[in-house]
> 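Quick one: structure below, then a few questions.
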Amino acid sequence: MQDWRRTHRCGELRANHIGTVVRLNGWVNSYRGYGQQVFLDLRDRFGITQVVVEATKENPALFQLADGFGREWCLAVEGIVRPRLPGKENPDLITGAIEIEATSIQVLNQCPTPPFEVTEFPGEELAGEDIRLEKRYLDLRRLSLQKTLVLRHTLNRIIREYLSERDFLEVETPLLGKSTPEGARDYLVPSRVHPGSWYALPQSPQLYKQLLMISGYDRYYQIARCLRDEDLRADRQPEFTQLDLEMSFVDQDDVLTMIEGLAQKIFKVCRGVDIALPIRRMSYEEAMLRYGSDKPDTRFGLEISDLSDWAKGTDFRVFKEAIAAGSVVRAIHIAQGASKFSNTDLKPGGKTSEIAVNAGAKGLAWLKYEDNKFLGGIEKFFSADSQAALRDQFGIQNGDLLLLIADKEEVAAQVLGTMRLHLAQVFGLLQGKENSFDLLWLVDFPSFMPDPQGGRYVANHHPFTAPRVADIPLLESDPSKVMARAYDLVINGYEVGGGSIRIHDPAVQAKVFSVLGLTPEQAQEKFGFLLDALKHGAPPHGGIALGLDRWAMILAGTANIRDVIAFPKNQRARDMMTGAPTPVEPKQLKDLGL
RNA sequence: GGGGGCGUAGCUCAAUUGGUUAGAGUACCGGACUGUCGCUCCGGUGGUUGCGGGUUCGACCCCCGUCGCCCUCGCCA
């Protein structure tokens, strides 16, 4: 073969190419040796084409060569396109009408037997993730991973198109920045030029985009890598990608509307799904009450109800004392759920009870309703009237189950939120919902939460989030009542975006820092450049960041973030392929003064 | 750091709950086959049961330790 370079791609040839001499480059997807004849499926990113090598007297070497091929060898094949024998066409291949009668083959590279199969078959278990991450270059040859990378490309393309059409500017911001100890743990980079000093890799471009607004760039966006040195989860990597955007002279609705249009386009193009606009909005308070979560999965019911008023009037001491101490009693009603849980499961130490306890509950109370009466041990504390009231409130039928929690409001909400997700799994409520997407804006967040570490308050979103204008006086009198102009986007129980209108008044910013327990000196030291910039004619502005990895997960239908990242880290933040992080040469450390 | 699950052939999994030679499918190797397309058929190689220790007449199985992977709580303004 004079020139091994391809004339066509492996997904390209059709019946109208019959008779043409072509060259294909690709990998051996499968190999079927057959006596005097070999069938090869040659694969590239664009498709698969069948190659036939026949033993002939004129060219015995070619057949001998092909006889030794293995899977995943990289080949250049020259040959003539010919029709398949009548009735032997393969409708599963886009090139299935034809095949290549090989006249010459060059081995571009051999491949040892792969440690796992690159070809996927329906219903077949994938190899373990360890080995696939270690040989990620082979794993990425799999069709489903190819598809998710293409999906991410499409996602990025839609975003750039949509935002460019609306006068957004894509601006890059530094990776080497200033450490700000609030928020997540920073990844630090030592400075060689300034021994003892460190850059921090960005947790997000938050401050830079605000500065860009102050500079007058009005609409900004960036598909930005963000880094946080925190423990990993199925939907969390130490480095991840955000669509970061910011707009000037806008209020909350302007940002939400802009993102709604983008979300609609993304779902249409990536999934062919029409999202109805506007996206539903729910207050943080309502989400915590009804779903026990700030990222509720609203694709199924099992909503939480507050029974505090009812519990107050019962003779059950556990409930009465809880209410008297300012706690709440809340419950989930599970229609026809009684038979699914044995009393042993529900009793202290039982499987279901333990889930509640692990989520923070002191204990799980429960009531089954069978043979027209409540059972469960605690029913004896409830009068006939109380029982009737309970029955009426939920419309309880025989076979139903109630799970009740008495605890501080936050604990009760969180425990029942966890139970709710557990119940959804037990009852398979999400089966068949793979193609349903529930989008939800969470709004009306409190600006501050009490600091569990004993300080005064911590910011719910971040310290630059603007309070509701009417609440500004409360910054001094009662910060816990201040509501933020912040919003989160939730899809199917995943937090996929969050943002806020920012503070553009340096006086308000100073007050917020004060609520957070920062002295003016500390605020000046950490964020002096921002406070200073705010004084220089800062426009009202706000924005949002979308977690694109999670968007890709939802669009790809996977629960594993590693499935949508080309080269992900494992749960201990190690790159299984390169081995990073690794020790470095002493000289490197010496140069850095370490 | 805490809780849970897992670790057996290259890969996916079994092994009658402590019983004698650790099996199957697949992959791989050899052989047969000119229309296959997850080819088929015949034969074969392949195991420190993650690692170390202990209990026992006997350990893949039980105990202790350790390593690794996954899920999760804490953490993620």
Side-chain angles (χ1 to χ4, degrees), chain A residues 29-42 48-56 63 68 70-72 82 84-93 95-96 99 101 112-135 138 180-186 203-204 206-207 226-238 240 351 354-355 357-360 414 418 421-422 445 447-449 451-453 457-465 484 486 495 498 500 512-513 516 518 526-527 547 559-560 562 570-572 574 576:
Chain A
N29 193 63
S30 68
Y31 172 98
R32 296 176 292 279
Y34 202 79
Q36 299 300 298
Q37 189 179 36
V38 165
F39 295 93
L40 297 173
D41 286 347
L42 200 66
I48 287 177
T49 302
Q50 174 165 285
V51 175
V52 188
V53 183
E54 285 165 354
T56 59
F63 180 78
R71 285 164 201 254
E72 300 306 321
R82 72 181 188 196
R84 295 199 180 192
L85 294 182
K88 299 293 182 184
E89 300 87 357
N90 186 346
D92 296 334
L93 293 182
T95 61
E99 63 193 12
E101 179 187 356
T113 302
F116 53 86
E117 298 210 41
V118 169
T119 313
E120 300 172 85
F121 299 106
E124 196 158 275
E125 288 288 320
L126 286 180
E129 208 182 9
D130 299 23
I131 186 72
R132 290 189 289 113
L133 288 176
E134 190 187 317
K135 299 263 189 291
L138 289 177
T180 54
E182 290 76 16
R185 202 173 288 111
D186 283 324
Q203 298 177 23
S204 84
Q206 179 61 34
L207 293 172
C226 303
L227 299 107
R228 297 180 187 173
D229 186 5
E230 299 291 349
D231 285 346
L232 284 66
R233 289 286 186 280
D235 63 350
R236 256 162 51 186
Q237 284 272 299
F240 59 100
K351 237 171 56 186
E354 281 303 294
I355 289 166
V357 170
N358 287 335
Q414 189 189 323
T418 303
L421 294 177
H422 173 69
F445 289 85
S447 280
F448 309 104
M449 299 294 220
D451 186 350
Q453 261 102 55
Y457 293 101
V458 292
N460 206 343
H461 269 72
H462 57 60
F464 320 109
T465 298
E495 184 196 323
S500 63
V512 167
F513 282 145
L516 297 175
L518 285 176
K526 286 175 180 165
F527 304 111
N560 181 347
R562 296 177 296 276
N570 75 6
Q571 192 168 39
R572 296 199 49 206
R574 186 178 291 286
M576 304 272 281

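For clarity, every value in this text was computed on a predicted model and none was experimentally measured. Just so it is clear, the values below take in all heavy atoms, side chains as well, and ignore hydrogens, waters and symmetry mates.
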> Rounded off to whole Å, could you give me the CD1-to-C1' distance for the Ile355(A) and G5(B) pair?
14 Å
> Figure out the CG/C1' separation between Asn570(A) and C6(B), and round it to whole Å.
15 Å
> How many whole angstroms separate atom CG of Asp186(A) from atom C1' of C76(B)?
12 Å
> List the atom of Ala486(A), the atom of Phe445(A), and the distance in Å for their closest heavy-atom pair.
O-CD1, 3.7 Å
> Separation of Ile131(A) atom CD1 from A9(B) atom C1', in whole Å?
14 Å
> Return whichever of Gln414(A) or Gly183(A) has its heavy-atom-nearest nucleotide of RNA chain B closer to the 5' end.
Gln414(A)
> Give me the distance, rounded to whole Å, that separates G44(B) from A9(B) when you measure between the C1' atoms they each carry.
15 Å
> Any chance you could list the contact pattern along nucleotides 34-46 of chain B? Use B for base contacts, S for sugar-phosphate-only contacts and - for none, protein heavy atoms under 4.0 Å, 5' to 3'.
BBBBBB-------
> Does Pro463(A) reach a base, just sugar-phosphate, or nothing at all? Heavy atoms under 4.0 Å.
base
> Look through every strand shown and name the nucleotide pairing with G58(B) as Watson-Crick or G-U wobble, where both distances are under 3.5 Å.
none
> Using the P atom as the reference point in each nucleotide, state the distance between C64(B) and U55(B) in Å, no decimals.
15 Å
> If pairing requires Watson-Crick or G-U wobble contacts with both distances under 3.5 Å, which nucleotide is the partner of U49(B)?
none
> Would you say Pro115(A) and Leu138(A) make side-chain contact, with heavy atoms under 4.5 Å?
yes
> Within this structure, what is the CZ-to-C1' distance between Phe116(A) and C69(B), rounded to whole angstrom?
16 Å
> Whole angstrom is fine here: how far is it from CD in Glu354(A) over to C1' in C71(B)?
18 Å
> Mind checking whether Thr56(A) and Phe63(A) have side chains closer than 4.5 Å, heavy atoms only?
no
> What is the base-pairing partner of G25(B), counting Watson-Crick and G-U wobble geometry with both distances under 3.5 Å?
C11(B)
> Who passes ring pair (Phe, Tyr, Trp, His ring centres under 6.0 Å) against Phe464(A), sequence neighbours left out?
His462(A), Phe527(A)
> With P as the reference atom in both, quote the distance from G54(B) to U16(B) in angstrom, rounded to an integer.
26 Å
> Give a yes or no on whether a salt bridge exists between Arg132(A) and Glu120(A), defined as a side-chain N under 4.0 angstrom from a carboxylate O.
no
> Given that Asn460(A) and Asn560(A) both sit by RNA chain B, which one's nearest nucleotide is further toward the 5' end?
Asn560(A)
> Measuring only between side-chain heavy atoms, which start at C-beta, is Thr113(A) closer than 4.5 Å to Arg71(A)?
no
> Tell me whether the side-chain N or O atoms of Arg236(A) pair up with the base of C75(B) as donor and acceptor below 3.5 Å, since no angle test is needed here.
yes
> Output the rounded distance in Å from CG (Asp235(A)) to P (C70(B)).
14 Å
> Ignoring the backbone of Asp130(A), work out which of C69(B), C76(B), C28(B) is nearest its side chain.
C69(B)
> Pick the C1' atom in C42(B) and in G58(B), then give their distance to the nearest Å.
39 Å
> Using the C1' atom on both, measure C13(B) against C6(B) and round to a whole Å.
13 Å
> Mind calculating the distance between CG (Leu232(A)) and P (C70(B)) to the nearest angstrom?
9 Å
> I'd like the P distance from G31(B) over to C67(B), given in whole Å.
48 Å
> Any base atoms under 4.0 Å from Arg572(A), or only sugar-phosphate, or nothing? Heavy atoms, all strands.
sugar-phosphate
> In terms of base orientation, is U66(B) syn or anti, with the syn window spanning 90° either side of 0?
anti
> Tell which nucleotide pairs with G68(B), taking only Watson-Crick or G-U wobble pairs whose two distances are both under 3.5 angstrom.
C6(B)
> Can you check salt bridge (Lys or Arg N to Asp or Glu O under 4.0 Å) on Arg32(A) and Asp41(A), steps first, answer last?
CA-CA 9 Å; Arg32(A) 296 176 292 279; Asp41(A) 286 347; 3.1 Å; yes
> Which base sits across from C41(B) as a Watson-Crick or G-U pair, both distances under 3.5 Å?
G31(B)
> For nucleotides G47(B) and G7(B), find the distance between their C1' atoms and express it as a whole number of Å.
14 Å
> So what does Leu126(A) touch, heavy atoms closer than 4.0 Å: a base, only the sugar-phosphate, or nothing?
sugar-phosphate
> Taking all non-hydrogen atoms of both residues into account, name the closest pair between Arg228(A) and Ser204(A) and its distance.
NH2-CB, 4.2 Å
> For Arg132(A), which contact category applies under a 4.0 Å heavy-atom criterion: base, sugar-phosphate, or nothing?
nothing
> Determine, stepwise, if the pair Arg233(A) / Glu495(A) fulfils salt bridge (Lys or Arg N to Asp or Glu O under 4.0 Å).
CA-CA 13 Å; Arg233(A) 289 286 186 280; Glu495(A) 184 196 323; over 6 Å; no
> Compare the minimum distances between each of G1(B), C71(B), C11(B) and the side chain of Asp231(A), then state the nucleotide with the smallest one.
G1(B)
> Can you name the nearest heavy-atom pair linking Met576(A) to Asn570(A), along with the distance?
SD-ND2, 3.0 Å
> Which base, if any, makes a Watson-Crick or G-U wobble pair with U36(B), both distances under 3.5 Å?
none
> For atom C1', what is the distance between U20(B) and C29(B), given to the nearest Å?
32 Å
> Can you check whether any acceptor in the base of G74(B) is under 3.5 Å from a donor in the side chain of Arg233(A), or vice versa?
yes
